Amino acid sequence: MTVATKNIEEVQNEIIDDFDLLDGDRESTIFYIMELGQELPKLDEQYMIDENLIKGCQSKVWLTTDFQEGRIIYSADSNTDITKGLISLLIRVLNNRTPQEIINADLFFFEKIGMNGVIGSQRSNGFASMIKQMKFYALAYSAKS
Amino acid sequence: MIDVEQLRKEFPILSTEVNGHQLTYFDNGATNQKPKVVIDALEEYYKEYNSNVHRGAHTLADKATGAFEETRTLLQKFINAAKSEEIIFTSGTTEGINLVAQTYGRANLSQGDEILVSTMEHHSNIVPWQLIAAEKGATVRPIPISDKGEIIFEEFEKMLSDKVKVVAVVHASNALGTVNPVEKIIEKAHAFGAKVLIDGAQSAAHLPIDVQKLDCDFFVTSAHKMFGPTGMGFLYGKENILNDMPPYMGGGEMIKEVSFDGTSFNTLPYKFEAGTPNIADTIAFGKAIEFINKWGKEEMAAHEAALLKYATEKLKKEVPTAKIIGEAENKVCVLSFIIENIHNYDVGMMLDARGIAVRTGHHCTQPLMARYGLEGTIRASFSAYNTFEEVDRFIEGLVRIVKMFG
């Protein structure tokens, strides 16, 4: 297993730089997020069950985890490319981290890239639910380990 | 044909920009935009003659009452009701249906009775009936529809029996655009003694409405889908039926005399208008009716029909991966569709990035979506102020989306 070489803050800054290139253009931003969504590997159908759905998302988002060598591996899928793109960003930031790193993570990139304004309040709430669920898994693993 | 450019000038919002693009508003099925006369009426009322209605012995109250009641008269003429007392102001279609369910339904439904609704109903014309049916031991039964999105009339006829007490159907479907043959439905239902409620939320501004000719027992609609304000609408009911119905809410205007020994109720229409009404919006609703009368409902509908035809053909030709949901012979200006391999929400959001407003989702018609095995659709719904250029912009947007992600 490859351990993430950049810390959470560095990966977030990298994402902010990527989005800066889009120059705030709403359409390009959405296209870019959708592309990210399409690049995220598909989740095996057996995991796309109600128990893995994140509550509070307007679209369907399934999230599963694996715990290897003290680090969490997240896998996710969604029925819409935009939502899939959003969770792919969270996976990019939080994957392969220890539960403690994830619990303590200050996730600032979403606000910095102005995503609230692009995707609207309902989807922003959904994004908050994704973070909550990812941190919830981290808490559960930290209690176990 | 109407002069669309002139008509557009009456709507201040149409010259605004959204996300750096000229607004293209195709979500008229949800609510349409308001002409300046309606917006001004709200401001004028609060600035110049804000006062309660029916009770005051002063000039402002008199002016407010006059303007308020004028709307009732305008509506009576608009739908050709026999009397203005048959027009009950409500907060909208939903309240109108709940009022009928909770008063007529409560007084007349009993164990084993049936309420027929169509599969294409909005939740507002399903849930109020389910609530009262559960209380009274009655059943709500859906009338099936065809793949094209039309009521299967023979099936409807088979469902009719003496057990059917209410038939509640939408005049024009918000999700498919289908215009139902309500005149025939009413005639058949009456033959079995059932009362008929017509949900006119999507029809009142687009189709000719003559409640006497239709012979419907109830007709409900909302002002905000008729260029008027939100939170406002009316219920039409036949006078004899309304008179026999128990009151809905208690208080204010609906009483004649109150004592602790008992209360007597006011006459129609006030019996059903408890509390201080939504005065400003009622007055503004009147201005919306005058606006429709000025431009002509038929002329506006003709333009809308041309837009729908143009958009439908263009969508079929230029977006082959689109599938239209609802291809009834007789439709109001609603174009509902899905696009293969792209989620409705994503399409809606990408169109929004170009200032194009459409609706995506189940349109509060989940049983209908289940009928088609869909989660929802993308819906473009047109109004008389929309243009062919806007349709072009919309199709261009879709073509671009499909090119990128289809």
Side-chain angles (χ1 to χ4, degrees), chain A residues 19 21-43 45 48-50 53-62 76-89 110 113-127 129-130, chain B residues 16-27 30 319 321-323 337-364 366 369-370 372-379 393-406:
Chain A
F19 275 81
L21 296 173
L22 301 166
D23 219 14
D25 181 76
R26 186 178 286 255
E27 199 179 24
S28 314
T29 305
I30 295 171
F31 276 140
Y32 179 58
I33 296 168
M34 284 181 76
E35 268 173 354
L36 293 177
Q38 293 188 335
E39 283 165 15
L40 189 72
K42 233 184 127 34
L43 194 63
E45 289 243 339
M48 289 162 85
I49 48 173
D50 285 357
L53 275 177
I54 297 179
K55 289 181 184 70
C57 290
Q58 201 183 11
S59 318
K60 283 186 177 167
V61 183
W62 297 270
D77 211 328
S78 170
N79 60 342
T80 96
D81 285 337
I82 292 179
T83 315
K84 216 172 152 184
L86 292 173
I87 199 147
S88 81
L89 288 172
F110 191 71
I113 59 180
M115 200 47 64
N116 280 314
V118 175
I119 62 171
S121 57
Q122 278 184 320
R123 269 198 159 128
S124 294
N125 290 341
F127 190 75
S129 301
M130 293 177 204
Chain B
T16 58
E17 285 194 348
V18 170
N19 300 326
H21 297 267
Q22 168 79 43
L23 167 67
T24 298
Y25 187 78
F26 285 166
D27 195 15
V319 191
T321 50
K323 182 176 186 291
F337 59 97
I338 51 170
I339 297 182
E340 227 171 76
N341 298 326
I342 315 181
H343 196 277
N344 302 323
Y345 286 136
D346 292 350
V347 175
M349 202 164 279
M350 281 189 287
L351 288 172
D352 178 61
R354 300 191 133 204
I356 302 165
V358 295
R359 184 62 152 242
T360 61
H362 54 60
H363 317 298
C364 297
Q366 283 179 331
M369 293 300 132
Y372 286 106
L374 297 171
E375 265 181 57
T377 69
I378 304 151
R379 181 188 73 184
R393 214 176 298 158
F394 163 64
I395 301 288
E396 265 168 45
L398 291 175
V399 169
R400 192 174 147 84
I401 293 162
V402 170
K403 215 166 162 186
M404 301 282 287
F405 293 105

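In the text below, chain A, chain B and the rest are named by the order of the sequence lines, each starting its count at 1. Note that the structure is predicted; figures quoted are calculated from it, not measured.
- Within the model, atoms CD of A:E27 and CE of B:M404 stand 8.0 Å from one another, a figure rounded to the nearest 0.5 Å.
- Distance check, rounded to the nearest 0.5 Å: CD of A:Q38 to CG of B:N341 gives 9.0 Å.
- Taking CD1 of A:I33 as the start and CE of B:M350 as the end, the distance is 11.0 Å to the nearest 0.5 Å.
- Of all heavy-atom pairs spanning A:N79 and B:H343, the tightest one is O-CD2, 3.1 Å.
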Assess whether side-chain contact (heavy atoms from CB on, under 4.5 Å) is satisfied between B:I342 and A:M34, documenting all intermediate values.
-> CA-CA 10 Å; B:I342 315 181; A:M34 284 181 76; 4.2 Å; yes
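- In this structure B:R393 satisfies the salt bridge (Lys or Arg N to Asp or Glu O under 4.0 Å) test with no other residue, sequence neighbours excluded.
- Interface remark: A:I119 contributes backbone and side-chain atoms alike to the contact with chain B (heavy atom separation under 4.5 Å).
- For A:S124, the side chain to side chain donor-acceptor pair (under 3.5 Å) partners are A:N116, not counting sequence neighbours.
- Heavy atoms only, all atoms of each residue included: A:F31 and B:R400 are closest at CE1-NH2, 3.7 Å.
- For chain B, the nearby part of A:I30 is the side chain; its heavy atoms alone come within less than 4.5 Å.
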